[in-house]
Amino acid sequence: MQLQDIYIYPIKSLGGIRLEESKLEERGLKFDRRWMLVDKEGMFLSQRTFPEMALLQVEVGEQGLLVFHKKDNVYRIQIPFLPQSEIFKSVQVWEDEVIGQIVGEKVSKWFSEILEMECDLVIMPESTKRKLSPKYAVNNESVGFADAMPYLLIGQAALDGLNSKLNKAVPMDRFRPNLVFSGGIPFEDDAWDKVQVGEAVFKITKPCARCVMTTVNQETAEKGKEPLKTLATFRTFDNKVMFGQNMLLLKGDKIKVGDELVPFSK
């Protein structure tokens, strides 16, 4: 088995980026979900409610992020890595309430216009520590703005197995993984406790529960019923539909596509 793909999603719920290699950090891959769109009350925005967010693509440049509309890239904005405002606000990701820093008035205005609702883009400052639940943490780890855990792993064989049951195959981007591995058999990672990728070692914390976001076509922003409807028929445990494994980093500085992947069973 080996590492087939690496993905980051710098702005939560916007388009992802495939990388050949990445630096590893406690909170997740470098740049992964360090930014997030929030409404005026500070609640995070996602494709679950605003599927059109899928049409906003992100690129990472030397000075900052570029965001553009996939269907009409006349709509584009450069976002510097360093925030242009000194405004901090309380923001919410599921049950967690943490402090985010508003990136800048111009940036908030651009997103508000394109999404047709008032919102702000915030970055997670280094001073903010969004701690993992003690139930899963090993060394009191923190996570960025990801839903639950710093890393998400999925096997290509699992997606191939799912697609064999669908009338129309779906791509991996429906599941927004960080690491995709090739080889092995579908869902064998259910029995893993740790996994080594190159020189890095990750702890598998829990399976990833899936939601309606998997039904959003990432190229058109259209919503359907699949693949969640079919996935639920054979991957439902405790009333949750599971696909992929959440992980945290135990050791390592970087990973690259092609790294050998070695699992350790429970």
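Every value quoted in this text rests on a predicted model; they were computed, and no experiment measured them.
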Could you verify whether a donor N or O on one side chain and an acceptor N or O on the other, from E97 and S90, lie under 3.5 Å apart? yes
Parallel, tilted or perpendicular: which one describes the rings of F187 and F243, with boundaries at 30° and 60°? perpendicular
Do you know which of R210, R48, R33, R176 makes salt bridge (Lys or Arg N to Asp or Glu O under 4.0 Å) with D147? R48
Stepwise, does the side chain to side chain contact (heavy atoms under 4.5 Å, CB included) test hold for I255 with L3? CA-CA 9 Å; I255 53 172; L3 187 59; 3.9 Å; yes
Applying side chain to side chain contact (heavy atoms under 4.5 Å, CB included) to L179 and Y7, what does each step give before you reach the verdict? CA-CA 7 Å; L179 284 63; Y7 294 100; over 6 Å; no
Please indicate whether L166 has more than 12 foreign heavy atoms, meaning atoms of other residues, nucleotides or ligands, lying under 6.0 Å from its CG. yes
When every non-hydrogen atom of M149 is compared with those of V143, the smallest separation belongs to C-CG2, 3.5 Å
Derivation and outcome, salt bridge (charged side-chain N to carboxylate O under 4.0 Å, His left out), residues E25 and R34: CA-CA 12 Å; E25 298 176 353; R34 301 302 194 273; 2.7 Å; yes
Got more than 12 heavy atoms from elsewhere within 6.0 Å of CG, N167? no
Please check if the side chain of K131 supplies one atom and the backbone of N140 the other of a donor-acceptor pair under 3.5 Å. yes
For K223, does the NZ atom have more than 12 heavy-atom neighbours from other residues, nucleotides or ligands under 6.0 Å away? yes
Within the supplied structure, the quantity of interest is the number of heavy atoms (other residues, nucleotides, ligands) at a distance under 6.0 Å from Y75 OH; does it exceed 12? no
When you check the side-chain N and O atoms of Q218 and Q47, is any donor under 3.5 Å from an acceptor? yes
List the steps and the verdict of ring-ring contact (aromatic ring centres under 6.0 Å, His included) for F81 and F31. CA-CA 10 Å; F81 287 132; F31 297 127; 5.2 Å; yes
Do any N or O atoms from the side chain of E59 and from the backbone of L65 form a donor-acceptor pair under 3.5 angstrom? no
Report yes or no: does E26 contribute a side-chain atom to a donor-acceptor pair with the main-chain N or O of S142 at less than 3.5 Å? yes
Polar side-chain atom of S112 near backbone of C119 as donor-acceptor pair, under 3.5 Å: yes
Any donor-acceptor N/O pair, D5 side chain to V180 backbone, under 3.5 Å: no
Starting from the C-alpha separation in whole Å, work towards a yes-or-no answer on side-chain hydrogen bond (donor to acceptor under 3.5 Å, both in side chains) for Q245 and D189. CA-CA 7 Å; Q245 302 293 336; D189 44 87; 3.0 Å; yes
For the NZ atom on K229, are there more than 12 heavy atoms of other groups (residues, nucleotides or ligands in this structure) within a distance under 6.0 Å? no
Should the pair K109-E113 be classified as a salt bridge under the 4.0 Å nitrogen-to-oxygen rule? yes
Could you check whether atom CG of D238 has more than 12 heavy atoms from other residues, nucleotides or ligands sitting under 6.0 Å from it? no
Whether the side chain of S46 engages the backbone of S13 through a donor-acceptor N/O pair (distance < 3.5 Å, no angle test) should be reported. no
Test V98 against V91 for side chain to side chain contact (heavy atoms under 4.5 Å, CB included), laying out the working first. CA-CA 6 Å; V98 296; V91 298; 3.9 Å; yes
Could you tell me if Q4 and Q156 have a donor-acceptor pair between their side chains, going purely by distance under 3.5 Å? yes
With side chain to side chain contact (heavy atoms under 4.5 Å, CB included) as the criterion, how do H69 and N73 come out once you've worked through the C-alpha distance, each side chain's angles and the decisive distance to 0.1 Å? CA-CA 5 Å; H69 198 284; N73 70 9; 5.7 Å; no
Can you name the nearest heavy-atom pair linking A221 to L55, along with the distance? CB-CG, 3.8 Å
Okay, side chain of Q78, backbone of G64: is any donor-acceptor separation there less than 3.5 Å? no
Is any NZ, NE, NH1 or NH2 atom of the basic residue among D253 and K23 found under 4.0 Å from an Asp or Glu carboxylate oxygen of the other? no
So which heavy atom on P227 is nearest to which on F175, and how close? CG-CZ, 3.7 Å
Under the ring-ring contact (aromatic ring centres under 6.0 Å, His included) rule, what do F44 and F145 come out as? Steps first, then yes or no, please. CA-CA 9 Å; F44 79 101; F145 287 132; 9.4 Å; no
Verify, without hydrogens or angle tests, whether K70 (side chain) and A54 (backbone) share a donor-acceptor contact under 3.5 angstrom. yes
Does a sphere of radius 6.0 Å around CD in E118 hold more than 12 heavy atoms from other residues, nucleotides or ligands, not counting ones at 6.0 Å or beyond? no
Minimum heavy-atom distance S22-K30, with the two atoms named: OG-N, 3.9 Å
Strictly distance-based, threshold 3.5 Å: is any side-chain N or O of N246 a donor or acceptor partner for the main-chain N or O of T205? no
Can you get from L121 to W110 by hopping between Ile, Leu, Val, Met, Phe, Trp and Tyr side chains that sit under 4.5 Å apart? yes
Contact summary for I6 and E21, nearest pair of heavy atoms: CD1-CA, 3.8 Å
Looking only at heavy atoms, the pair that brings D259 and G198 closest together is CB-N, 3.7 Å
With the threshold set at 4.0 Å, does a side-chain nitrogen-carboxylate oxygen contact exist between K40 and D120? yes
Within the distance-only criterion (no hydrogens, no angle test), does the side chain of T236 pair as donor or acceptor with the backbone N or O of A232 below 3.5 angstrom? yes
Does the ring of F202 carry K194 above it, NZ/CZ under 6.0 angstrom from centre and within 45° of its axis? no
Decide, yes or no, whether a salt bridge links R130 with E141 under the criterion of side-chain N to carboxylate O below 4.0 Å. no
